[in-house]
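Each chain gets a letter, A, B and so on, in the order the sequences are listed, and its residues count up from 1. Computed from a prediction, not measured in an experiment: that's the story for all the values here.
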2 protein chains.
Amino acid sequence: MHTNSDIETKLAGKGIKPTANRLLVYRALTEASGPVTLAMLEDSLVTVDKSSIFRVLTLFLEHDAVHAFEDGRGVLNYELCTTDGACNMTDGHLHFYCEACHHSYCLDTIKTPELVLPEGFTPHSLSFVVKGLCPHCRHSH
Amino acid sequence: MHTNSDIETKLAGKGIKPTANRLLVYRALTEASGPVTLAMLEDSLVTVDKSSIFRVLTLFLEHDAVHAFEDGRGVLNYELCTTDGACNMTDGHLHFYCEACHHSYCLDTIKTPELVLPEGFTPHSLSFVVKGLCPHCRHSH
DNA sequence: TAGCACTTTGCAACCCGGTTGCAAAAATCT
DNA sequence: AGATTTTTGCAACCGGGTTGCAAAGTGCTA
């Protein structure tokens with residue numbers, strides 16, 4: 001488990017001043033079993049206002065503490081960055097969105113392929129999302 | 001160019017009864033240089049209500065006349081299906097979203113890779129979107 | 001420690017894309 | 001024509017995301 005000072009160290013390493021809300025949000029991200037949405041954080045952090053969570057997340061994004069991607073519905077999902085440096089397309093991996101339980105999975109065992117774009121297109125980031133049924137929903141069908 | 005009866009034939013082939021609005025929307029899709037959003041169609045089809053365009057597009061989706069994907073902002077983009085049969089993930093191809101001009105490109109020369117999901121995950125559709133700068137915006141930088 | 005500046009937070013309100021209920025208009029069917 | 005079904009426009013709503021603003025908190029410095 002992560003003590004508060006563990007988290008403070010992590011945040012400091014990314015150049016983020018630790019506040020009470022930032023510790024709460026960071027902890028929620030570490031304890032999540034996968035990518036989480038703003039709405040999920042709102043539910044689990046009832047003491048913190050939606051806009052505050054949002055601002056913490058955007059701060060984390062700017063400091064490469066988390067990365068974000070859209071699931072199949074256009075909802076942003078956030079995940080802690082595992083790498084220490086900039087967290088960009090180079091560590092891109094596949095995400096899976098279950099259309100039954102509306103849950104996102106991070107399939108980080110599957111890397112996105114390196115790709116060759118037509119002349120002139122300069123990539124910054126990428127998202128690769130597969131929609132379908134997750135193992136659980138497929139069986140309970 | 002496409003005459004109205006050309007379009008009517010196409011729609012009939014997909015099992016869609018041609019109405020005035022459906023012809024207008026279909027024509028707008030054929031004349032677009034790439035994927036279009038609901039907002040873009042609202043702008044170009046000033047005589048047609050937003051909700052009507054929306055309902056036409058969902059009808060087209062159900063009849064595999066168009067397919068849709070989200071660009072990098074979570075906005076739906078629509079494209080005419082080129083294949084005759086069901087338009088699903090099998091003809092998946094890459095899309096590029098320019099963060100400067102907010103325009104989506106259909107890079108249909110680049111096919112999405114065939115992928116192997118972990119046991120139990122059943123794919124239905126997929127989206128593969130690269131964000132960055134398009135050739136034009138890159139030069140006018 | 002008082003006074004001042006800067007940062008962070010909560011609240012309310014807004015924005016925008018997407019979506020729906022409903023009644024009017026248009027097409028379809030005897 | 002009259003009855004029925006489909007399509008349409010309007011208005012309103014929804015939900016995720018975002019912002020303005022004032023209050024609360026933090027951290028100075030004198």
For this session: From the options Lys131(A), Glu70(A), His102(A), select the one residue that forms a side chain to side chain donor-acceptor pair (under 3.5 Å) with Tyr97(A).
Result: His102(A)
For this session: Give a yes or no on whether Phe69(B) and Val66(B) share a hydrophobic cluster (residues Ile, Leu, Val, Met, Phe, Trp, Tyr; joining criterion: side-chain heavy atoms under 4.5 Å apart).
Result: no
Problem set entry | Non-hydrogen atoms of Tyr78(B) and Leu57(B) that approach each other most closely | CE1-CD1, 3.5 Å
Problem set entry | Distance in angstrom units between Arg55(A) CZ and dG25(D) P, rounded | 16 Å
Problem set entry | d(CD1, Ile16(B); P, dT7(D)) in whole Å | 11 Å
Exercise. With no angle test and no hydrogens, is the base of dG17(D) tied to the side chain of Arg73(B) by a donor-acceptor pair under 3.5 Å?
Worked result: no
Problem set entry | Candidates dT9(C), dG17(D), dT19(C) - which lies nearest the side chain of Phe54(B) | dT19(C)
Seminar exercise, completed: Cys134(B) and Cys98(B) have their tightest heavy-atom pair at N-SG, 3.5 Å
Exercise. Hey, mind stepping through Val56(A) and Tyr26(A) against side chain to side chain contact (heavy atoms under 4.5 Å, CB included) and telling me if it holds?
Worked result: CA-CA 9 Å; Val56(A) 168; Tyr26(A) 197 95; over 6 Å; no
Exercise. What's the verdict on side chain to side chain donor-acceptor pair (under 3.5 Å) for Asn77(A) and Thr37(A), showing C-alpha distance, side-chain angles and the deciding distance?
Worked result: CA-CA 5 Å; Asn77(A) 283 241; Thr37(A) 64; 6.0 Å; no
Exercise. Over how many whole Å does the gap from Leu57(B) atom CG to dT8(D) atom C1' extend?
Worked result: 15 Å
Exercise. Does one side chain, of Arg55(A) or Asn21(A), offer a donor that lies under 3.5 Å from an acceptor on the other?
Worked result: no
Problem set entry | side chain to side chain contact (heavy atoms under 4.5 Å, CB included) evaluation trace for Arg27(A) with Ser44(A) | CA-CA 11 Å; Arg27(A) 174 173 301 282; Ser44(A) 60; over 6 Å; no
Exercise. For dT8(C), does OP1 or OP2 lie under 4.0 Å from any side-chain N or O of Lys17(A)?
Worked result: yes
Problem set entry | Near-strand residues of residues 32-52 of chain B, defined as heavy-atom separation under 4.0 angstrom from DNA chain D | Thr47(B), Val48(B), Asp49(B), Ser51(B), Ser52(B)
Exercise. When the ring planes of His67(A) and His95(A) are compared, do they come out parallel, tilted or perpendicular, using 30° and 60° as the limits?
Worked result: tilted
Exercise. Rounded to the nearest Å, what distance is computed from the CG atom of residue Leu59(B) to the P atom of nucleotide dT7(D)?
Worked result: 8 Å
For this session: Could you identify which residues of residues 21-29 of chain B place a heavy atom less than 4.0 Å from some atom of DNA chain D, listed by residue number, or say none?
Result: Asn21(B), Arg22(B)
Problem set entry | Separation of atom CG in Asp71(B) from atom P in dG17(C), rounded to whole Å | 11 Å
Exercise. Can you tell me how far P of dT8(D) sits from CD1 of Ile53(B), to the nearest Å?
Worked result: 11 Å
Exercise. Quick one: Asn77(A) CG to dG16(D) P, roughly how many Å, whole number?
Worked result: 12 Å
For this session: Take atom CD of Glu62(B) and atom C1' of dT6(D), then tell me their distance rounded to the nearest Å.
Result: 15 Å
Seminar exercise, completed: When Val75(A) and Thr19(B) are each assigned the nearest nucleotide of DNA chain D, the 5'-most assignment goes to Thr19(B)
